[in-house]
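Written out below as structure tokens is the structure these notes cover.
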Number of protein chains: 2
Amino acid sequence: MTNAHDVLFRTLSDPTRRAIFERLCREGEQTVGALTAQSGVSQPAVSKHLGVLRHAGLVRDRHEGRQTHYSAQLGALAPLTDWTNQMKAFWQSRFDDLENLLNRMDQ
Amino acid sequence: MTNAHDVLFRTLSDPTRRAIFERLCREGEQTVGALTAQSGVSQPAVSKHLGVLRHAGLVRDRHEGRQTHYSAQLGALAPLTDWTNQMKAFWQSRFDDLENLLNRMDQ
DNA sequence: GGGATCGATAACTCGGCGGCTATTGATTGA
DNA sequence: TCAATCAATAGCCGCCGAGTTATCGATCCC
């Protein structure tokens, strides 16, 4: 029962992890070391967060020698925008129904 | 340092809670009893989830006799769309910078 | 008034998750 | 070759949050 929305919301719910993703969006590709320096947590913690982000498809990793570069994958945010649009659509649909009802009552 | 994004992502990260919100979006105003009947968890659990949703501004409650009606507040989703748009904007901005660089190199 | 229903609160349990340190594997360079 | 650096993994710990049952307050109906 665990769908794409679950994974996305869950992944982005942690502030530290979301901050890492935001940084990758702002500044582009970064090494683990660079990300660790500004994260306020230990390097293993950052590696774990990157693993979770990668699992959610939100980042890509590129190995270059002994360092790993991570970059944001914005396409992975699509289910999120889809979801919000769907919620708005549901809302709008019910509003339309109400409007139809009122129109019928007018006649 | 806890902003609107934190509250929203945290609130929506739980599947049970998000399902309750989705149902309110789909079907409009519902009583706690009606929500409990379909949620798969106990009534106190549902009440707690509704409390969290209300705290995030995602739902409104309306008291009528001994039952409480809850309805979705779609406006509260705005920070979410703002956030995703911002991420895309960062990405686009860096892309523009690259484009500028390439243009300058062309000359 | 008194039993019944509705929803919120209290009090507790338990599993998962985010953090840490220590270690390993791989790569670099002196 | 060997020390040093980088990132991932292992192993552990503490806490928060989602779930439960029990209870309370309030309202409805007989």
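So that the names make sense, note that chain A is the first sequence line, chain B the second, and so on, each numbered from 1. Here the structure is a predicted model, which is why all the values come from computation and not from measurement.
Residue B/D61 is the one, among B/D61 and A/V52, whose nearest nucleotide of DNA chain C lies closer to the 5' end (criterion: closest heavy atom). Each of B/V46 and A/S42 lies near DNA chain C, and the nucleotide nearest B/V46 is the one positioned closer to the 5' end.
For A/H55 and C/dC17, the NE2 to C1' distance is 15 Å, given to the nearest whole Å. When rounded to the nearest whole Å, the span between CD of B/Q30 and P of C/dC6 equals 15 Å. To the nearest angstrom, P of C/dG16 lies 16 Å from CZ of A/R17. Rounded to whole Å, the distance from CD on A/Q67 to C1' on D/dA8 is 15 Å. The interatomic distance linking B/R10 (CZ) with D/dG17 (C1') rounds to 8 Å, in whole Å. Separating the CD1 atom of A/I20 from the C1' atom of C/dG18 is a distance of 12 Å, rounded to the nearest angstrom. When rounded to the nearest whole Å, the span between NE2 of B/H63 and C1' of C/dC6 equals 12 Å. As a whole-Å value, the separation of A/E64 CD from D/dA8 P is 14 Å.
You'll find that the side chain of B/A45 is closest to D/dG19, out of C/dG7, C/dG19, D/dG19. Looking at the side chain of B/R66, the nearest of the listed nucleotides C/dC6, C/dA8, C/dG19 is C/dC6. Of all nucleotides listed (D/dA8, D/dA18, C/dC17), D/dA18 comes nearest to the side chain of B/H49. Looking at the side chain of B/T31, the nearest of the listed nucleotides D/dA8, C/dG7, C/dA4 is C/dG7. Side-chain proximity of B/S47 to C/dA8, D/dA4, D/dA8: nearest is C/dA8. Of the candidate nucleotides D/dA7, C/dT9, D/dG19, C/dT9 has the atom lying nearest to any side-chain atom of B/P44.
Although no hydrogens or angles enter the test, the distance criterion places a donor-acceptor pair under 3.5 Å between the side chain of A/S13 and the main chain of A/R10. Distance alone, capped at 3.5 Å, is enough to place a donor-acceptor pair between the B/R18 side chain and the B/L12 backbone.
The residue A/Q43 sits close to a base: some heavy atom pair falls under 4.0 Å. Here A/R54 lies out of heavy-atom contact (under 4.0 Å) with every strand. At a threshold of 4.0 angstrom between heavy atoms, the contacts of A/T68 are confined to the sugar-phosphate backbone, with no base atom among them.
Counting heavy atoms of neighbouring residues, nucleotides and ligands inside a 6.0 Å radius, atom CZ of A/R60 does not exceed 12 of them.
Side-chain nitrogen and oxygen atoms of A/T36 include none within less than 4.0 Å of the OP1 or OP2 phosphate oxygen of D/dA7. At C/dA8, one or more side-chain N or O atoms of B/Y70 fall inside 4.0 Å of OP1 or OP2 (strictly under the cut-off).
Applying the side chain to side chain contact (heavy atoms under 4.5 Å, CB included) test between B/T36 and each of B/V46, B/T31, B/V41 identifies B/V46 as the sole match.
Judged by distance alone with a 3.5 Å cut-off, a donor-acceptor contact links the side chain of B/K48 to the base of D/dG19.
Aromatic ring pairs are classed by plane angle as parallel below 30°, tilted from 30° to 60° and perpendicular above 60°; the pair B/W83 and A/F21 is tilted.
Contact between A/Q73 and A/V59 at its shortest, heavy atoms only, is CG-C, 3.8 Å.
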